[in-house]
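Order of appearance sets the numbers: ligands from 1, and atoms from 1 within every ligand.
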Amino acid sequence: MEKITTLNKHIISTFGTGGFHGGVFTILRELVFVSKLMHREINKAGIVESIRGGTGMRNIHGEDTQKLDKFANDRLISTLEAGGECCAVVSEENDDIIHLRGENSRHGEYILAIDPLDGSSNIDVNVTVGTVFSVYKRLSPAGGPCEEADFFRSGSEQKLAGYIIFGSSTMLVFTAGKGVDGFTLDPSIGEFCLSHPQIKIPANGSMYSVNQGRYSEFPGWVRNFIDYCCESGPETGGPYSYRYTGSMVADIHRNMLKGGIFMYPPTRDRPKGKLRLLYECNPVSFIIEEAGGRATTGEERILDIKASSVHETTPIFAGSENLVAMAERYRRESQ
Ligand code: P6P
C-alpha cells in the first residue's frame, strides 16, 4: 500500500505535537495554504488575463510588480492576520514593515520576512518561480507594537526558513533546524507529501549559476573563478555546465539536489549585490547550511551578517561546500 507522509504528520513525528501547535508551524501552515492558491493561479496565468502580466507599479527595488506578486502578497498578509501568530512582516513588495492588523496580531510572537514570488518576471514565459520565507521570534514584548529592531538580526537566529517552488511540480522545502525536508504537492488530495526527506547537498557539483552577461562587471577573483569553471581538464573536473534561470529559487533548488554553486556577486553599480539579505539570502543560506552546504559573501558567512535595514542586499555564493570554499580561496588569493 502506498505510504503517504503528509506535512502535518511529518511535523508531529519530527517536532512533536507541541511543535505542531507551535507558532512557527502555524505560520508554515498558513504559508502552505497560500501556496495552494498560488499553485492554482500560476497554472492558469497563461489563460487568465486578470492575473497575467504587470500591475504597472514598481517595488522599492525598481522592479516591475507582476499581478501575481500582488496576489501572493495580499493573500499572505490577510492569511497571517487571521492566524495571529505573526505580528509583522517585511515583504519584497512593501517599502516598510507591515504591522499586521489582525485581532491577535500584536500578541504574535513571530515576525516574517518574505519574497512572495521570487523570479516573478518569469511567469509570463513559463519559467519556474517561487516563494521564499524566513521566520524569527520577535524581541519586542508580545502585546506591544513590533519594532524595526526585531528585524535587525543575524540569519543564524532564524527559527524557520524555506521556499515553495512552482515548477514542473509544486514543492515545499523547509528547515526548522532539524535538517531539510522536501514535500511535493499532490493536487488530487491537496496535500504536500514528503518526497525528499533529509536533503543533503552534494559536497561537489558540476554546475555554476551566475548572470554571465555581467562577467566584465565582477571583481577579478570572481572572473578567475568563473574561468576555472569553464576550463576543461582533469585538474578542474571541468568544464562545468552553466545553468541560470533568472529565478534564484529554481537555481538554488537544482543545486540542493544535484550540487553546484549559485552566485550573485558584487558589481561596480551594485557593490553589495542585488539579492536581499532578509528574504532571499538568509533563508536559502539557512537551508543550504542545514543540508551540509556553504553560503558566503565571499568574505563572511551570510548567516553571521547582522541586518541593519530591511531591504539591504548582499553578495551571495552558495551551494556545494567544496565549490563555495574554492570560490572563497580565489578571493583570499586575490588579496
Ligand atoms: P538578474 C529575480 O528578480 C531575482 O531576485 C532572483 O530570483 C534572480 O536570481 C535574480 O534576481 C536575477 O537577477 O540581475 O540576473 O536578472
Side-chain angles (χ1 to χ4, degrees), residues 35 38 42 45 53-55 57-70 72-73 90-95 113-134 161-167 170-171 173 207-219 222-223 226 229 242-256 260-288 293 295-298 302 310-319 324 327:
S35 74
M38 291 300 299
I42 286 169
T55 61
M57 309 289 284
R58 291 198 163 188
N59 63 22
I60 192 171
H61 319 284
E63 299 161 342
D64 294 332
T65 300
Q66 302 300 305
K67 292 174 187 171
L68 271 173
D69 280 317
K70 186 174 184 331
N73 202 49
V90 160
S91 167
E92 182 186 68
E93 300 310 322
N94 296 77
D95 297 0
I114 194 157
D115 185 350
L117 206 55
D118 176 64
S120 56
S121 59
N122 281 319
I123 290 169
D124 291 358
V125 295
N126 219 355
V127 169
T128 296
V129 294
T131 298
V132 193
F133 57 88
S134 169
Y163 57 82
I164 296 147
I165 182 167
F166 303 97
T170 294
M171 276 192 71
V173 176
M207 285 182 267
Y208 75 98
S209 299
V210 70
N211 186 334
Q212 194 83 20
R214 295 180 177 272
Y215 176 88
S216 63
E217 300 172 30
F218 297 148
V222 176
R223 297 201 301 272
I226 292 173
C229 292
Y242 174 67
R243 297 285 186 275
Y244 190 72
T245 68
S247 280
M248 175 194 68
V249 172
D251 291 322
I252 292 287
H253 187 65
R254 184 190 54 252
N255 288 347
M256 287 288 290
I261 183 170
F262 173 83
M263 300 177 270
Y264 207 103
T267 57
R268 282 190 298 271
D269 63 333
R270 285 176 164 152
K272 290 195 71 179
K274 170 190 179 183
L275 300 186
R276 279 60 63 149
L277 177 64
L278 280 187
Y279 43 82
E280 288 174 318
C281 298
N282 271 340
V284 299
S285 297
F286 186 16
I287 286 173
I288 282 173
T296 174
T297 66
I302 295 267
V310 293
H311 293 295
E312 75 177 81
T313 62
T314 176
I316 181 169
F317 300 79
V324 176

### Message
Pair Tyr279, His311 - check side chain to side chain contact (heavy atoms under 4.5 Å, CB included), show working.
### Response
CA-CA 8 Å; Tyr279 43 82; His311 293 295; 2.7 Å; yes

Can an N or O of [X] be found at a distance shorter than 3.5 Å from an N or O of ligand 1?
| X | answer |
| --- | --- |
| Val249 | no |
| Asp118 | yes |
| Glu92 | no |
| Lys274 | yes |
| Asp251 | no |

### Task
Could you walk me through whether Thr314 and Tyr264 pass the side chain to side chain contact (heavy atoms under 4.5 Å, CB included) test, one step at a time?
CA-CA 9 Å; Thr314 176; Tyr264 207 103; over 6 Å; no

Who's the nearest protein heavy-atom neighbour of [atom], and how far?
| atom | value |
| --- | --- |
| atom 15 (O) of ligand 1 | Tyr244 OH, 2.6 Å |
| atom 14 (O) of ligand 1 | Tyr264 OH, 2.6 Å |
| atom 9 (O) of ligand 1 | Met248 N, 3.3 Å |
| atom 8 (C) of ligand 1 | Gly246 O, 3.4 Å |
| atom 5 (O) of ligand 1 | Glu280 OE2, 3.2 Å |

### Message
So for atom CG, which belongs to Asp269, do other residues, nucleotides or ligands contribute more than 12 heavy atoms lying within a distance under 6.0 Å?
### Response
yes

### Query
In terms of side-chain heavy atoms, does Ser134 have a donor or acceptor partner in Asn282 at a distance below 3.5 Å?
no

### Message
Can you confirm whether the side chains of Ser209 and Arg254 place a donor and an acceptor under 3.5 Å from each other?
### Response
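Their side chains do contain a donor-acceptor pair, which is all the 3.5 Å distance test asks for.
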
### Message
Can you tell me how far apart CG (Asn94) and CG (Asn73) are? Round to the nearest 0.5 Å.
### Response
5.0 Å

### Main-chain N/O of Thr128 paired with Ser247 side-chain donor or acceptor, under 3.5 Å
yes

